[in-house]
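Down below is the structure, laid out as structure tokens.
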Protein chains: 2
Amino acid sequence: MRNTRADVVTAALRVLDAQGLESCSMRRVAAELDVQPSALYHHVPNKQSLLALMADEIVRAVPLGQGDARALCVALRDAMLSVRDGADVVATAEAFQLGSSAVEQRLAELVGVDGARTLLLYTFGHAQSTQTHRQAAEFGALLDTASGPNGGVAAAPDLDASFARGLDIILAGLAAG
Amino acid sequence: MRNTRADVVTAALRVLDAQGLESCSMRRVAAELDVQPSALYHHVPNKQSLLALMADEIVRAVPLGQGDARALCVALRDAMLSVRDGADVVATAEAFQLGSSAVEQRLAELVGVDGARTLLLYTFGHAQSTQTHRQAAEFGALLDTASGPNGGVAAAPDLDASFARGLDIILAGLAAG
DNA sequence: ACCTGAACACCGTTCAAGT
DNA sequence: ACCTGAACACCGTTCAAGT
């Protein structure tokens, strides 16, 4: 046995974290494993399935047993933000099977199905915009050569706090209902 | 003057609605205009810019002057759902410049910046999942040959009602704060 | 079971050149 | 100003064939 399906997923996550989603092609994942592109199709039916497996792996870091709805959302966001473009991968994959994920099911036990969906969609969306914002900031910093401290750049908003305030709004709405 | 920038955007939206985002390539848009692919780059710097212009056009259908926050979100969702994969196009393009869109600004006047962001992210997310769900249902219906009424298919959830309930939760949270 | 090699039908983008 | 033609460096996926 030369490579297993888990090896493929791990290699794909390495490529994702290093190069980003746009560069995470089947061909690059194959190169990461020193293998021909066609070899991947022995382990995975297509790229979409591989992305779904990557999403599962990213979400596996969220502990389901303990904590309230807020803690669950924060942990999910942290898990997505821990990998480059992780929010995109998880949100896209999850959108295809909303309702079947373990996180959503646990959330539904805590706050009902509508609350769970609302919290999830908000968490996905905020994490995605956090990651694109951070990437843009990184890119801007590269172009920012001769400027002093805060030279011409708007102060970065505190995205963690912004996320928390949105969570407060939704949780208050659930408490009121 | 043979083609204008607006012609390119219109052609792109036609291709999008007919074939979906995945098939909405620069080459197909060019073919829609009976033009070489390279001709597009006279009107638009790259594909990402074209997608942003398409998103603007889709969102232009939302009336900003009248209505409360709820009406605004419903109108935004309707606008996105009116074009195939419209939610994807708008959500991706908007994520790059969150805070600058006219809809978000109007929403912020009504419910504050945190409320606006929460409502927007929820609306984007729900619309996206609505569209993927509907496409999956369409696809499933094609494979569903010999079954009678509701033969083996789970009843489609009422996605409009689901959206409304999530909106209720967020708006209740805003009223409580 | 796992992989190679070669092919097919595509992409986005650039650039010199035409009118 | 607007477009063509040709090229470059890529894609995802299939399939016969090897070990």
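Letters go in sequence order (proteins before strands), and every chain restarts at 1.
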For the side chain of B/Asp78 and the backbone of B/Ala75, is there at least one donor-acceptor N/O pair under 3.5 Å apart?
no
Candidates C/dT13, D/dG12, C/dC3 - which lies nearest the side chain of A/Lys47:
D/dG12
Partners meeting side-chain hydrogen bond (donor to acceptor under 3.5 Å, both in side chains) with A/Asn46 (sequence neighbours left out):
A/Ser49
A/Asp68 side chain to A/Ala71 backbone, donor-acceptor under 3.5 Å:
yes
Identify, with sequence neighbours excluded, every residue that meets side-chain hydrogen bond (donor to acceptor under 3.5 Å, both in side chains) alongside B/Thr10.
none
Flag, side chain of B/Asp158 to backbone of B/Ala161, donor-acceptor distance under 3.5 Å
yes
Test item: B/Tyr122 side-chain N/O and B/Ile170 main-chain N/O as donor-acceptor pair under 3.5 Å
no
Given 3.5 Å as the limit, does a donor-acceptor pair link the side chain of A/Gln36 with the main chain of A/Ala31, or not?
no
Gap in Å between the two C1' atoms, one belonging to C/dC11 and one to D/dA7, rounded
14 Å
Test: salt bridge (Lys or Arg N to Asp or Glu O under 4.0 Å). Region: residues 160-169 of chain A. Which pairs qualify, not counting sequence neighbours?
A/Arg70-A/Asp168, A/Arg77-A/Asp160, A/Arg134-A/Asp160, A/Arg165-B/Asp114
Encode nucleotides 14-19 of chain C as B, S and - characters from 5' to 3', where the letter depends on protein heavy atoms closer than 4.0 Å: B to the base, S only to sugar-phosphate, - to neither.
BB--B-
Residue-phosphate contact under 4.0 Å: A/Asn3 side-chain N/O, C/dC3 OP1/OP2
yes
Looking at residues at least two apart in the chain, or sitting in another chain, which of them share a salt bridge (charged side-chain N to carboxylate O under 4.0 Å, His left out) with A/Arg14?
A/Glu32
Is a donor on one side and an acceptor on the other found under 3.5 Å between the side chain of B/Gln131 and the backbone of B/Val83?
yes
Filter on ring-ring contact (aromatic ring centres under 6.0 Å, His included), then keep only pairs touching residues 13-43 of chain A, sequence neighbours left out; what's left?
none
Answer yes or no: is there a donor N or O on one side and an acceptor on the other, between the side chain of B/Gln128 and the main chain of A/Ala95, under 3.5 Å?
no
Can you list, in residue-number order, the parts of residues 19-33 of chain A that come under 4.0 Å of DNA chain D, counting heavy atoms only?
A/Ser25, A/Met26, A/Arg27, A/Arg28
Nucleotide nearest B/His42 when distance is taken to its side chain, options D/dC2, C/dC2, D/dG12:
D/dC2
Looking at B/Asp17 and B/Arg84, would you say the former's side chain and the latter's main chain have a donor-acceptor pair under 3.5 Å?
yes
Scan for salt bridge (Lys or Arg N to Asp or Glu O under 4.0 Å) pairs involving residues 38-62 of chain A, sequence neighbours excluded, and state none if there are none.
A/Glu57-A/Arg60
Would you tabulate the side-chain donor-acceptor contacts of residues 20-29 of chain B under 3.5 Å, counting partners in other chains and residues two or more places apart, or write 'none'?
{"unit_1": "B/Ser25", "atom_1": "OG", "unit_2": "B/Arg28", "atom_2": "N", "d": "3.1"}
{"unit_1": "B/Arg28", "atom_1": "NE", "unit_2": "B/Ser23", "atom_2": "O", "d": "3.0"}

CD (B/Gln48) with more than 12 external heavy atoms under 6.0 Å:
no
Pull out every residue in residues 51-58 of chain B that has a heavy atom closer than 4.0 Å to any atom of DNA chain C, ordered by number, or say none.
none
Dot-bracket for DNA chain C, 5' to 3', with Watson-Crick and G-U pairs under 3.5 Å, [ ] for crossing pairs and | for other-strand pairs: what is it?
||.|||||...|||||.||
In whole angstrom, give the distance that lies between atom NE2 of A/His43 and atom C1' of C/dA1.
9 Å
What interatomic distance, in whole Å, is found between P of C/dA9 and the corresponding atom of D/dA9?
23 Å
Among residues 4-14 of chain B, which ones have heavy-atom contacts with DNA chain D below 4.0 Å?
none
